[in-house]
2 protein chains.
Amino acid sequence: MTGRAHRDGASEWLRLDRQVCFPLYAATNLMQRLYRPLLAPLGLTYSQYLVLLVLWERGRTHVGELRDCLYLDAGTITPLLKRMEQGGLVTRRRDSKDERRVIIALTPHGTALREQAWRIPEALAARIGFDAAEGAQLHDVTTSLVERLQVLVKQ
Amino acid sequence: MTGRAHRDGASEWLRLDRQVCFPLYAATNLMQRLYRPLLAPLGLTYSQYLVLLVLWERGRTHVGELRDCLYLDAGTITPLLKRMEQGGLVTRRRDSKDERRVIIALTPHGTALREQAWRIPEALAARIGFDAAEGAQLHDVTTSLVERLQVLVKQ
DNA sequence: AGCGATATAGTTGCATGCGATATAATCAAG
DNA sequence: CTTGATTATATCGCATGCAACTATATCGCT
């Protein structure tokens with residue numbers, strides 16, 4: 001492979017508008033910027049909101065389950081849950097059946113937020129103005145990408 | 001609207017597997033986890049790599065142009081560029097034509113990294129194993145989302 | 001020239017997000 | 001029963017990412 005071939009390869013592969021991952025990255029940043037003013041009145045960040053989505057469905061879980069559900073690292077989820085405990089959203093206590101585990105459960109305040117939160121995704125969908133087909137396509141493409149990436153990250 | 005209707009609405013809108021933004025968020029995190037071990041040998045983070053993509057195309061720019069290209073905030077891009085200057089990747093100097101601006105240019109080291117970087121997107125595409133159609137669909141869907149979100153974030 | 005408005009970067013404070021490492025509890029093989 | 005391996009969280013250091021605010025330079029209007 002010649003130096004010239006390297007440069008030609010670079011021209012193709014290194015163009016910003018050819019990157020698949022960059023619009024994903026940009027969309028995620030912009031999306032969180034749209035969520036922020038909607039979640040701030042509830043005292044929530046986007047990742048805290050995701051934790052609550054899981055808890056509102058399951059009632060209670062443990063740290064590892066949240067980590068797996070949200071595709072996060074242990075070093076991310078533990079401080080996140082401690083901040084949510086400080087904020088009165090969840091409780092953390094060791095599982096008496098297995099003292100390695102920590103059970104995460106909703107406080108009354110965390111439970112009550114559900115009644116205010118359910119309007120947020122609706123409001124956002126309306127604001128973005130997706131029609132059903134576009135929204136479904138985006139959902140399906142990104143969900144299948146997550147499934148594929150998850151396997152690769154685990155090796 | 002009754003309390004019962006609220007809860008029914010919540011059941012639909014607040015399910016994690018119905019969220020459009022969550023798989024976007026998860027895919028971005030996983031994707032950066034895949035990039036990290038490829039970029040670490042070059043001493044780069046993902047956002048630093050994106051800055052270099054722009055500079056390899058344009059040669060030199062100023063801070064605001066990078067901020068706009070990458071859809072980042074001023075509070076993100078300035079410290080990022082200072083770290084890249086510390087790392088010997090770029091230079092920062094005031095524009096003599098307009099002292100408000102700061103010109104960002106590549107150092108020889110930053111320029112030379114292009115010869116090692118061009119294999120990264122290729123390697124990643126191969127690793128993820130997208131066929132051309134899937135990759136194109138993902139690119140198009142997320143790119144059009146970015147365009148739409150960009151308008152909303154600017155108000 | 002003078003001055004208020006605008007544009008461009010920088011600064012501060014806070015919340016992620018992750019790799020590497022540490023700690024404690026449970027499991028498993030003998 | 002004991003001891004090494006495994007599992008479940010926690011901790012630490014570093015790099016983002018953003019809102020709010022600040023400082024400086026340029027522009028526009030008179």
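Nothing here was measured: the structure is a model prediction, and the numbers come from that model.
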Rounded distance (Å) that lies between atom [atom2] of [N] and atom [atom1] of [X]:
X        : N      : atom1 : atom2 : value
A/Leu66  : D/dA8  : CG    : C1'   : 13 Å
B/Lys97  : C/dT8  : NZ    : P     : 16 Å
B/Leu34  : C/dC18 : CG    : P     : 11 Å
B/Glu99  : D/dA23 : CD    : P     : 19 Å
B/Arg67  : C/dA9  : CZ    : C1'   : 9 Å
A/Arg101 : C/dT23 : CZ    : C1'   : 18 Å
B/Leu81  : C/dT8  : CG    : C1'   : 13 Å
B/Ile77  : C/dT8  : CD1   : C1'   : 13 Å

Aromatic plane relationship, B/Tyr49 with B/Tyr35 - under 30° parallel, 30 to 60° tilted, over 60° perpendicular: tilted
Would you call the rings of A/Tyr25 and B/Tyr46 parallel, tilted or perpendicular, where under 30° means parallel and over 60° means perpendicular? perpendicular
Can you name the residues that form a side chain to side chain contact (heavy atoms under 4.5 Å, CB included) with A/Ala26, not counting sequence neighbours? A/Phe22, B/Tyr71, B/Val146
Side-chain N or O of B/His62 closer than 4.0 Å to phosphate OP1/OP2 of C/dA9: yes
May I ask you to evaluate whether B/Arg92 reaches the phosphate of C/dG10, defined as a side-chain N or O under 4.0 Å from OP1 or OP2? yes
Among [options], find the nucleotide with the atom closest to the side chain of [X].
X       : options                : answer
A/Thr78 : D/dT11, C/dA9, D/dT6   : D/dT11
A/Asp98 : D/dA25, C/dG10, C/dT26 : C/dT26
A/Lys82 : D/dT9, C/dT26, D/dT11  : D/dT11

Of B/Ser96 and A/Val63, the one whose closest nucleotide on DNA chain D sits nearer the 5' end is A/Val63
Contact string for nucleotides 13-22 of chain D, one letter per nucleotide 5' to 3', B = base within protein heavy-atom range under 4.0 Å, S = sugar-phosphate only, - = neither, reads --SBBBB---
Looking at CG of A/Leu124 and CZ of A/Arg119, how far apart are the two atoms once the value is rounded to the nearest 0.5 Å? 15.0 Å
Calculate, to the nearest 0.5 Å, the distance between atoms NZ and CG belonging to A/Lys154 and A/Leu149 respectively. 12.0 Å
Taking 4.0 angstrom as the limit, do A/Asp17 and A/Arg15 come out as a salt bridge? yes
Is there a side chain to side chain contact (heavy atoms under 4.5 Å, CB included) between A/Leu30 and B/Leu145? Walk through the geometry before answering. CA-CA 10 Å; A/Leu30 291 170; B/Leu145 177 61; over 6 Å; no
